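Just so it is clear, the structure is predicted and the values come from calculations on it, not from any experiment. Chain letters run A, B, ... following the sequence lines, proteins first and then strands; every chain starts at 1.
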Amino acid sequence: MDVSSLLDQLNKPQRQAVSAGMYPILVLAGAGSGKTRVLVHRIAWLLQVEHVSPYSILAVTFTNKAASEMRGRISDLLQQPPNGLWVGTFHGIAHRLLRAHWQDARLPQHFQIIDSDDQLRILRRLMKLLALDKDKWPPRKAQSYINSRKDEGIRPESIEPKGDFYITQMVKIYTAYENACQKSGVIDFAEMLLRSLELLRDNTALLHHYQHRFQHILIDEFQDTNTLQYAWLRLLAGHYNNVFAVGDDDQSIYGWRGAKIENIQQFTEHFGDTETIRLEQNYRSSGNILDAANALIKNNTGRLGKKLWTADQAGHLVDLYKAYNESDEARYIIARIERAKESGKNYADIAILYRSNAQSRIFEMIFAEKGIAYRVYGGLRFFDRAEIKDTLSYLRLASNRHDDPSFERVVNLPTRGIGAKTVEHIREYARAHNISLWHSAKVIIDAAILPPRASNAVRGFLKLLDDMSTHIHTLALHEQVDYVIETTLLKAHYKKKERGEKGEARIDNLNELVSAAEGFRYDPEDLHENMDFLSAFLAYAVLESGESQASHGDDCVQMMTLHAAKGLEFPLVFLSGLEENLFPHRMSLNDTARLEEERRLCYVGITRAREQLVISYAEQRRIHGSVQYNLASQFIHEIPDVLLNEIRPSVAAYRLQQPVRRTAHRIARSLGDGHQNGRFTKGQRVSHIQFGEGTISDLEGAGNYARAQVNFDREGRKWLVLRYAKLKKI
DNA sequence: CCCAAGGTATTTTTT
DNA sequence: ATACCTTGGG
């Protein structure tokens, strides 16, 4: 391919980025500015102009979807698949490294990946073992503690509790958890990255090999990297330092799960001689929408700075609808969707975005009422379903019998007379001898420790596993899956246990799993990486269980959270629920950094719209069962009035049907605004029969739903429903 | 072993 | 409101 044609299709800064020299480059790519295009063209440039071997290029993304999109677009541009080129997610690449070097990574050859669900199960069990009261020590807290430490690259050995009891406990749990995983030959998501970082760090020869191999490293969505991923990149890029990072600090919305916006903000400092290129021309949204986005994001501090512009028309103003309540909001939006459909838009071109998942409900109800097709993104994914995970657990045991989490999951599923007591015996023995549950069960049977009935049941289970592994080897993957579903009686179990729709859905899913196995092809690049077909499928199931992001299919209205909307675009976008306490979320109101992340989230939302953006908020909204009265979001006020078209609500009939609520609304509002509620005010000292004395720190709701948040001297903060709490003023 | 009742928490989510 | 989980009884 000739050089000019590669650059011809690009604008000036894009060209500059694609054809930049061999040094660290940061591309600040605004929303809709063609960042994937730049990445793909950069790779083509390296291959065709710089004559870099595909073998020495590594491209890293966060999601499987982004990775496959990139792969597809590279193939399209080159008109052939780029063999030898590594394109994958952080986890996918780490996984590949670990498979290739399992011994150096101190892993069993058939190690398995566990998801956060499995992780939590393990922790629950371990914490029970450590005799920790689960009310005082919630396993979820331990889980997030462990994951956060791993994301920071910290092992338990290097944590110094310094007398802090809480940290001492967490370290104890972290250590026990690590041992348990190691013993079972399983690794969690964060472990995958940490383990591969350590693999490289501790093996000079390996490190040099990969540092020399990957002369060019490209990263997408750089603003989302966490400490560990960043360290991993720096280590791997350490020799050539040819890092090509693409990202947008204004779209960093994953700080709450460890992403460090500082990584992009400090790129220049960390990598020394770098070049920063800004892609500011937007090819997506019309002028007014962009102006609104720019005006909003201007309120954030510490930005790297960037101003989107478009050659496009100003287009429509941003519509703003002030709804009476959430139902009014939903009806208005859906009425507009119907109108848009009539004037020729497809449902699939329309998205409703919201801050939290619970907001989708009211829309769903009205869509159902009107018979309009819709799709909600971000539900339970296929491979996360219980019946699928049950089946996979059997398959995992067939592949690695020491996989304790899987053993625990299916040892008595379907019920086969192995009760809690028996399992406890097996666990006890396993613990005492530091062996896996499967091994323990085997020994226990031979030693005839258990009562005969339990013993027989366990023997039956072990035999099932044995038969399974011997039979399975001669079968094709989908036959293996089918074999397991049938011989373990899982299918029969679901058929019997859950009659009706739910059970049928489960059976369908099991059949679907067989089809998935049948259609499963694995990357030939993995063939030599110590992977058999089954292992590859199991890894795929955990690692790429995805498809929770939008894909257009049937013509239906798209509904999703703002987080799920990142990277997507729609001609018509409804941004709903712009109220204080909801968006920005109440949890983020008191912290500047978090508030700024909410603002970036809003920025992401606005920039999803191509032609028309409609923002809405409700004066009152039912949240957690009680009515709240929120002010319009501060973000609305940050958009200049000249860009907004405020829509006068028509006095709809249903409004008039609810005069009682309206009165209640007025009363509550007058009370709520003064931060008082009936007899109580903020700051009032009160006493409670059970919790003792405290100070009221917040009030909300009205009538029977009125609640007060009380900061108790002994018990801490609690929300109490005034009607029941019987608080006494002091 | 299963079911019902009661208690509790309820932002965002990929791998 | 509601979904999820725990716990207690049959």
How many Å lie between NZ on Lys65(A) and P on dT15(B), as a whole number?
11 Å
C1' atom, dC5(C) versus dT12(B): distance in rounded Å?
23 Å
Is the phosphate of dT11(B), meaning OP1 or OP2, less than 4.0 Å from a side-chain N or O of Ser588(A)?
no
Of the options dT12(B), dT10(B), dT15(B), whose atoms approach the side-chain atoms of Arg355(A) most closely?
dT12(B)
To the side chain of Arg124(A), which of dT12(B), dT15(B), dT6(C) is closest?
dT6(C)
Find out whether the Lys NZ or Arg CZ of Arg149(A) is both under 6.0 angstrom from the six-membered ring centre of Tyr145(A) and within 45° of the ring's axis.
yes
Taking CD from Gln359(A) and C1' from dT2(C), how many angstroms apart are they, rounded to a whole number?
16 Å
Judged by modelled atom types alone, do Gln251(A) and Asp224(A) share a side-chain donor-acceptor pair under 3.5 Å?
no
Could you walk me through whether Asp384(A) and Arg381(A) pass the salt bridge (charged side-chain N to carboxylate O under 4.0 Å, His left out) check?
CA-CA 5 Å; Asp384(A) 289 339; Arg381(A) 292 168 310 172; 3.0 Å; yes
Enumerate all atom pairs, one protein N or O and one N or O from nucleotides 7-10 of chain C, separated by less than 3.5 Å.
from   : atom 1 : to        : atom 2 : distance (Å)
dT7(C) : OP1    : Lys134(A) : NZ     : 3.2

So, is Asn64(A) close to the dT14(B) phosphate, meaning a side-chain N or O under 4.0 Å from OP1 or OP2?
no
Under 5.5 Å centre to centre and under 30° between planes: does that hold for His624(A) and the six-membered base ring of dT10(B)?
yes
Base, sugar-phosphate, or nothing: which does Asn357(A) touch, judged by heavy atoms less than 4.0 Å apart?
sugar-phosphate
Does the side chain of Tyr254(A) pick up a donor-acceptor pair with the side chain of Asn226(A) at under 3.5 Å?
no
Testing the 3.5 Å rule here: is there a donor-acceptor pair between the side chains of Thr227(A) and Glu152(A)?
no
Would you kindly check if the NZ (Lys) or CZ (Arg) of Arg96(A) is within the cone defined by 45 degrees around the ring axis of Trp86(A) and under 6.0 Å from the six-membered ring centre?
yes
How many whole angstroms separate atom OH of Tyr377(A) from atom P of dT13(B)?
14 Å
Using whole Å, what does the distance between atom P of nucleotide dT13(B) and atom CG of Asp384(A) come to?
13 Å
Do Tyr374(A) and Glu364(A) have side-chain N/O donor and acceptor atoms under 3.5 Å apart?
yes
Ring centroids of Phe189(A) and dT14(B) base under 5.5 Å with planes under 30°:
no
Check whether the aromatic ring of His585(A) stacks on the base of dT11(B), taking stacking as ring centres less than 5.5 Å apart and planes within 30° of each other.
yes
What pair of heavy atoms forms the shortest contact from Leu489(A) to Pro414(A), and how long is it?
O-CG, 3.6 Å
Answer with yes or no whether the side chains of Gln119(A) and Gln143(A) bring together a donor and an acceptor at under 3.5 Å.
yes
In whole Å, what separates the P atom of dC4(C) from that of dT13(B)?
16 Å
Short N/O separations, protein against nucleotides 1-7 of chain B, under 3.5 angstrom:
from   : atom 1 : to        : atom 2 : distance (Å)
dC1(B) : OP1    : Asn412(A) : ND2    : 3.0

Nearest-angstrom distance from the residue atom NZ of Lys566(A) to P of dT15(B):
12 Å
Take Met587(A) and His91(A), find for each the nucleotide of DNA chain B with the closest heavy atom, and name the residue whose nucleotide sits nearer the 5' end.
Met587(A)
Under 4.0 Å, counting only non-hydrogen atoms across every strand here, what does Arg594(A) touch: a base, just sugar-phosphate, or nothing?
base
Looking at dA3(C), I'd like to know if its phosphate oxygens (OP1 or OP2) sit under 4.0 Å from a side-chain N or O belonging to Arg361(A).
yes
Whole Å only: how far is the CD atom of Gln143(A) from the C1' atom of dT15(B)?
13 Å
Donor-acceptor pair between Tyr177(A) and Asp188(A) side chains, under 3.5 angstrom
yes
Ile362(A) atom CD1 is separated from dT2(C) atom P, nearest whole Å, by 11 Å
Protein-nucleotide distance (Ile113(A), atom CD1; dT15(B), atom C1'), rounded to Å:
9 Å
Please name the pair of heavy atoms, one in Leu543(A) and one in Gly92(A), separated by the smallest distance, quoted to 0.1 Å.
CD2-CA, 4.2 Å
Comparing Glu598(A) and Ser116(A) on DNA chain B - which has the more 5′ nearest nucleotide
Glu598(A)
